[in-house]
Amino acid sequence: MDVFAWMPLVGLECSAYVLFMGARMGSYTGGNTTGFVSPASDSLEGPIDLSDILDLRRPSRYPVRVAGDALASRGILSGDILIADAATPPAPGKVAVVMLAGDVLVAQLAWRNGQWQLLSGRAGTEPLPVEGDDAEIWAVITGLVRTQV
């Protein structure tokens, strides 16, 4: 299992800017044109606000950064930012942040034999039961942000 590195993200309250070939373009509204107004101005959309899209204003949601590649088969890579929601109930097949024996882990949930189990995503790894006082499902992952492509 891979351990999470908790990292608060600063600046998610800001609107995002469109990047085109490395140049910052800002938010274009079409208002500062001269001559003929473009007929495409009806299709302009406002700035992209990641905080709004990912619903980060909810008190139960927070971003976490992944360290490790245990869930690469699910498309979750090292360095990705996951959006965790502590208010979302756990469900089989969902990816979750789990505290297990003092370690903070990210794993896929499975419900077997009346208890939650953690699946690693690596072939040949045995499921880990979530049981006892030192095990708790903290949050379910509801989104993913990748900063490097």
Side-chain angles (χ1 to χ4, degrees), residues 1-31 41-149:
M1 293 286 160
D2 292 319
V3 178
F4 257 144
W6 295 95
M7 184 185 134
L9 297 176
V10 179
L12 282 181
E13 294 293 323
C14 301
S15 295
Y17 285 91
V18 177
L19 294 177
F20 181 73
M21 295 181 61
R24 182 180 292 218
M25 295 177 64
S27 299
Y28 176 71
T29 62
S41 62
D42 294 340
S43 302
L44 290 177
E45 113 179 29
I48 298 170
D49 185 353
L50 288 178
S51 180
D52 196 36
I53 292 168
L54 299 171
D55 204 11
L56 291 176
R57 290 185 177 89
R58 293 175 65 188
S60 62
R61 288 209 174 171
Y62 52 94
V64 292
R65 187 176 296 274
V66 176
D69 61 353
L71 290 175
S73 63
R74 290 281 310 248
I76 300 173
L77 307 176
S78 186
D80 284 351
I81 300 164
L82 301 177
I83 307 305
D85 191 344
T88 301
K94 296 287 186 179
V95 175
V97 179
V98 180
M99 176 71 139
L100 188 63
D103 291 325
V104 179
L105 308 172
V106 60
Q108 182 177 334
L109 296 173
W111 181 258
R112 296 181 181 158
N113 302 324
Q115 71 176 8
W116 289 109
Q117 293 186 345
L118 305 179
L119 307 177
S120 142
R122 290 187 177 138
T125 304
E126 290 293 319
L128 296 172
V130 180
E131 61 185 2
D133 293 337
D134 61 346
E136 180 181 0
I137 299 173
W138 275 358
V140 173
I141 302 304
T142 59
L144 181 142
V145 177
R146 180 160 296 139
T147 57
Q148 296 181 6
V149 235

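Owing to the predicted nature of the structure, the values given are computational and were not obtained by experimental measurement.
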- Query: Got a donor-acceptor contact below 3.5 angstrom from the Arg61 side chain to the Leu54 backbone?
  - Reply: yes
- Message: Which heavy atom of Val140 sits nearest to which heavy atom of Pro89, and what is that distance?
- Response: CG2-O, 3.7 Å
- Ile81 versus Pro63, closest heavy-atom pair with distance: CG2-CB, 3.9 Å
- Query: Would you call Val104 and Val97 a side-chain contact if the rule is heavy atoms closer than 4.5 Å?
  - Reply: yes
- Item | Ser120 to Leu71 - nearest heavy-atom pair and separation | O-CD2, 3.0 Å
- Message: Nearest 0.5 Å, please: how far is CD1 in Ile53 from CD1 in Ile83?
- Response: 11.0 Å
- Item | Ala86 to Tyr62 - nearest heavy-atom pair and separation | CB-CE2, 4.5 Å
- Task: Answer whether the closest heavy-atom distance between the side chains of Arg112 and Leu119 falls below 4.5 Å.
- Result: yes
Check: residues 127-136 side-chain donor-acceptor pairs under 3.5 Å, at least two apart:
{"residue": "Glu136", "atom": "OE1", "partner": "Trp138", "partner atom": "NE1", "Å": "3.4"}

- Note on the structure: Here the salt bridge (Lys or Arg N to Asp or Glu O under 4.0 Å) pairs for residues 138-149, sequence neighbours left out, are Asp80-Arg146
- Query: What heavy-atom pair brings Gly102 and Met99 nearest, and what distance separates the two atoms?
  - Reply: C-SD, 3.8 Å
- Write down the atom of Ala91, the atom of Leu109, and the distance for their closest heavy-atom approach. O-CB, 3.8 Å
- Item | Gap between atom CD1 of Ile141 and atom CG of Leu82 - 0.5 Å precision | 4.5 Å
- Message: Are Thr142 and Lys94 packed together at the side-chain level, in the sense that at least one heavy-atom pair is separated by less than 4.5 angstrom?
- Response: no
- With a 4.0 Å cut-off, would you call Asp49 and Arg57 a salt bridge? yes
